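Heads up: the structure comes next, in structure tokens.
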2 protein chains.
Amino acid sequence: MTRQRALIAQILRTAGRHLTAEEIFQLARRSMPSIAVGTVYRNLRLMAEDGELRRIEAAGGPVRYDANLSPHGHLVCRVCGKLDDMAVPCLASYLSRCTGEDAPRYDLSVDWVCPACRRAREGGGERDSVDQLHNGSQTYNID
Amino acid sequence: MTRQRALIAQILRTAGRHLTAEEIFQLARRSMPSIAVGTVYRNLRLMAEDGELRRIEAAGGPVRYDANLSPHGHLVCRVCGKLDDMAVPCLASYLSRCTGEDAPRYDLSVDWVCPACRRAREGGGERDSVDQLHNGSQTYNID
DNA sequence: TTAAAATTAGGAATAATTCTTAAAAATATA
DNA sequence: TATATTTTTAAGAATTATTCCTAATTTTAA
């Protein structure tokens, strides 16, 4: 565990959102100006291999990294590109049965139009059902 | 619809597996030696935007393209890299409820060790339960 | 405290993809 | 059908994301 790796891990834990390698590099050099971009990539790769963080390959854009290790999917707005977390109950246990993995790692990204962009598109006014669904909790029965 | 685009669509439909842009380019130039790599990329992007084909971003490797439009996930072997299709019943309808999309497009890739690599690793011998799942209707070998 | 092993900074190299431009092809119009 | 307009193409330069290389530095082990 080097100072560089500790810094990268801390940035990701406190970010509160999904950062790209480049964003992590820019944040890291604020407190450690000598850090190299290759160091950021190498440590991100190693930590992902060790399961200390998750790689997420969201549609189109560059790879992002997530310190939240609990299984979840991602919603990608096709209008503004915003990335949201999404609970997918039961998916992990279904995949565990299919693959024989104890804790299967998956990457799920779903294309949608986020509530803000949907309202802008539809001219505002009516509240649509998407907001309620997104803020509520769904159950996913796969059996 | 140009000759180039028709060729690309036909290659993907008859491939029987998930091709990268580079593989599609190599196959295309056999019957149309003048085709340019940029043309392949542009048409793949346009066709994906139109929903005529699916982009799949499997862990690590380059983007692959899939003419199979029915919703399904992908299994990626972490040892040999082989890519298999995988049925995920109910996921599409769950995502439809969450996102408000009629036919939500998703990209699901799951990290596992395929049956062949698992046997090689464990020294062969015992049939494991993964094989049964794999040979059943859950998954089919595509790559 | 010193030796060995691992990691770093810095930059070159690579891979995948997009962009640019003039020419060719496709489509619309007369 | 001939011609004008629009779209798409080929070719390759440019860009973006990422990995690789090397000597120097840092970390770990003895």
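Chain letters run A, B, ... following the sequence lines, proteins first, then strands; residues in each count from 1. All of these numbers come straight from a predicted model, not from anything done at the bench.
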Are the side chain of [X] and the backbone of [Y] linked by a donor-acceptor contact shorter than 3.5 Å?
X       : Y        : answer
A/Arg55 : A/Glu49  : no
A/Arg5  : A/Thr39  : no
B/Ser96 : B/Glu101 : yes

Whole angstrom value for the distance that separates [atom2] of [N] from [atom1] of [X]:
X       : N      : atom1 : atom2 : result
B/Glu23 : C/dA16 : CD    : C1'   : 13 Å
B/Met32 : D/dA11 : CE    : P     : 12 Å
A/Phe25 : C/dG11 : CZ    : C1'   : 12 Å
B/Asn43 : C/dT18 : CG    : P     : 12 Å
B/Leu46 : C/dT18 : CG    : C1'   : 12 Å
A/Asp50 : C/dT7  : CG    : P     : 11 Å
A/Ile35 : C/dT7  : CD1   : P     : 14 Å
B/Leu44 : D/dT8  : CG    : P     : 15 Å

ask   = Going by atom types alone, do B/Asp84 and B/His74 pair a side-chain donor with an acceptor below 3.5 Å?
value =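 The answer is no; no qualifying pair exists.
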ask   = Have A/Asn68 and A/His18 got a donor and an acceptor in their side chains that come within less than 3.5 Å?
value =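 Absent: no donor and acceptor within the cut-off.
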task = Going 5' to 3' through nucleotides 17-30 of chain D, assign each nucleotide B (protein heavy atom under 4.0 Å from a base atom), S (under 4.0 Å only from sugar-phosphate atoms) or - (no protein heavy atom that close).
result = SBB-------SS--
ask   = Taking atom CG of A/Leu44 and atom OH of A/Tyr65, what is their separation to the nearest 0.5 Å?
value = 5.0 Å
